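What you are looking at is a predicted structure, and each value in this text was computed from that prediction instead of being measured.
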Amino acid sequence: MKEAQSKYYHGLADAALTDFPRLAGEADDAPRFRRAIEAAPNGVLAVPKGDYDIGSPIVVTNRCSLQMHPAAHLVAREKMDFVLTWDGNGDCHSLALFEEDGRLYDNLGLFIRGGDIDGNGLASCLRIGNSHHFTLADITLHNGLGAGLAVSRWNGGHLYELMASNVCCKCNMAGLAGSVGVDVGVSDCHFTDVVIVDYTVGIRSAEGANRFTRCHVWGGTVPPRGMDARGWSGYYGANKKKRYAGRWTDADEKALLSRGVPEMLAGSVAFDAIGGGNVFDGCYADTAEIGFRVRNGAVLVSSGFYNNPLMGLRKSTAIVHEGGKLRVAFCDFKRAAGTEKLYEGDGRNVTWLANSVSGGFPPCEIDSCM
């Protein structure tokens, strides 16, 4: 795929990847990425449309921001921890940043925007750490082995106020069961309009005080073992027409269940709230064994739960409450397959307010949880 001419970016960025071609003997694009990043310290690197083979990790340590074309595809070709790591390089352990001459450095506009990072079943996609404020937007993270996005303190660093919006994490290949779409190991971050498809754990928040708004986690596109993607897609489509036409039979149900569940749904958790004080506002747990797993308290408001019966998942619980204070308000719970459970826990330290249920949950569950 031909890349855009670098002159298109001049004036909009400090460097363009097009100005850094592969050198003799280089078998992939990772070295040229590193040269381009090095040329734009505390600047912006423009990455044009194109397919980029990544054979070794790309690590940003000089505050370089990345502006990538939506069709800039970075694809892992060898095993590695992460395709791309953005690291403030120890700058953000203290409360403020200072230049060498003592001046306060307060650039809060650092970012990664656009692009498609594909772990290709060989690597996790993107890791971000060591920043006081950072924007991640309009990016797709495919087929992460381990994680799509990891926001963490992997090297003892610090991060808060990550603003992540329009982030899509999706697996479309087999063999990645157990992976996490968005793995958050820090606090005080904001995730808005994040969509996660077929990561076994959609969003995991190991720390507290994070805000998740309009995040949608769903799964079932990666087929059950023994089927290919085309076969599963066609089978699902035929079943959908039959079910919507009211022609679904016990024999159809038996045939569906005999195939097993789609690979990424086994043991799946849409939202795994480990730390305390996380807020889920307008979030949608759509087809997982556990919708919301709350280990140390959380707030769920205007959120939803649904289990697509055509995925064959017959073991599904909307909320598993293991500890802490839980507040559930104005949420909508649907029992589509007829086997779902609304709540699992001891019922203590839970407040329910004006929630809606449908689909025939047992009256005892509704009475105790509404």
Side-chain angles (χ1 to χ4, degrees), residues 1-10 12-92 97 107 109-131 134-152 154-157 159:
M1 187 180 295
K2 186 177 180 181
E3 300 167 8
Q5 295 298 311
S6 62
K7 64 182 181 181
Y8 177 81
Y9 295 96
H10 290 169
L12 302 177
D14 300 279
L17 185 66
T18 316
D19 294 330
F20 297 84
R22 289 190 192 182
L23 301 181
E26 292 179 347
D28 66 85
D29 295 292
R32 61 189 289 224
F33 265 93
R34 286 192 280 269
R35 291 194 297 274
I37 290 166
E38 185 179 358
N42 197 31
V44 176
L45 171 64
V47 180
K49 179 180 181 179
D51 298 321
Y52 302 101
D53 294 334
I54 307 301
S56 57
I58 301 169
V59 181
V60 178
T61 59
N62 63 351
R63 303 176 189 161
C64 177
S65 294
L66 302 179
Q67 178 66 62
M68 296 191 281
H69 189 284
H73 300 288
L74 285 66
V75 183
R77 298 303 183 189
E78 301 289 343
K79 290 185 177 181
M80 63 190 86
D81 288 340
F82 286 85
V83 177
L84 175 64
T85 293
W86 196 98
D87 182 2
N89 195 28
D91 290 338
C92 296
L97 305 183
N107 183 356
L110 305 177
F111 63 86
I112 297 174
R113 291 193 177 98
D116 180 354
I117 302 176
D118 192 338
N120 198 26
L122 297 169
S124 294
C125 301
L126 173 63
R127 176 169 59 183
I128 301 173
N130 289 323
S131 179
F134 194 88
T135 297
L136 176 69
D138 307 328
I139 191 170
T140 302
L141 303 169
H142 272 111
N143 301 315
L145 176 63
L149 168 66
V151 187
S152 67
W154 74 92
N155 59 359
L159 183 145

Ignoring hydrogens and angles, tell me if any N or O in the side chain of R34 forms a donor-acceptor pair with the backbone of P57 under 3.5 Å. yes

As an exercise, state the distance from CG of L149 to CZ of R127, rounded to the nearest 0.5 Å. 11.5 Å

Taking A76's backbone N and O only, do any of them form a donor-acceptor pair with N120's side chain (distance below 3.5 Å, no angle check)? yes

Look up atom CE in M80 and atom CD1 in I58, then write down how far apart they are to the nearest 0.5 Å. 8.0 Å

Can you say whether the rings of Y52 and F33 are parallel (under 30°), tilted (30 to 60°) or perpendicular (over 60°)? perpendicular

Main chain of C64, side chain of N62: is a donor-acceptor contact present, judged purely on distance under 3.5 Å? yes

From D87 atom CG to N130 atom CG, the distance as rounded to the nearest 0.5 Å: 4.5 Å

Heavy-atom pair of closest approach, residues S124 and A147: OG-N, 3.0 Å

Here's a test for you: under side chain to side chain contact (heavy atoms under 4.5 Å, CB included), which of L84, V60, T85, L159 qualifies with I128? L159

Is there a donor-acceptor pair closer than 3.5 Å between any side-chain N or O of N143 and the backbone N or O of G119? no

Value for CD (E78) from CG (D53), rounded to nearest 0.5 Å, stands at 10.0 Å

Nearest 0.5 Å, what's the CZ-CZ distance between R35 and F20? 8.0 Å

Side-chain donor/acceptor of S65 to backbone N/O of I112, under 3.5 Å: no

Does the side chain of P31 reach to within under 4.5 Å of the side chain of D28, using non-hydrogen atoms? yes

Does the pair D29 and R22 meet the rule for a side chain to side chain contact (heavy atoms under 4.5 Å, CB included), with working shown? CA-CA 7 Å; D29 295 292; R22 289 190 192 182; 3.1 Å; yes

Side chain to side chain, I139 and M68, heavy atoms closer than 4.5 Å: yes

Verify the distance criterion only: is there a donor paired with an acceptor across the side chains of H142 and D116 at less than 3.5 Å? yes

What's the separation between atom OG1 in T140 and atom CG in L74, rounded to the nearest 0.5 Å? 12.0 Å

Provide the closest heavy-atom pair for A15 versus A40 in the form atom of the first, atom of the second, distance. CB-CB, 4.1 Å

Applying side chain to side chain contact (heavy atoms under 4.5 Å, CB included) between W86 and each of L66, L136, V59, L110, report the one that passes. L110

Taking C-beta and beyond as the side chain, do P48 and L17 meet within less than 4.5 Å on heavy atoms? yes

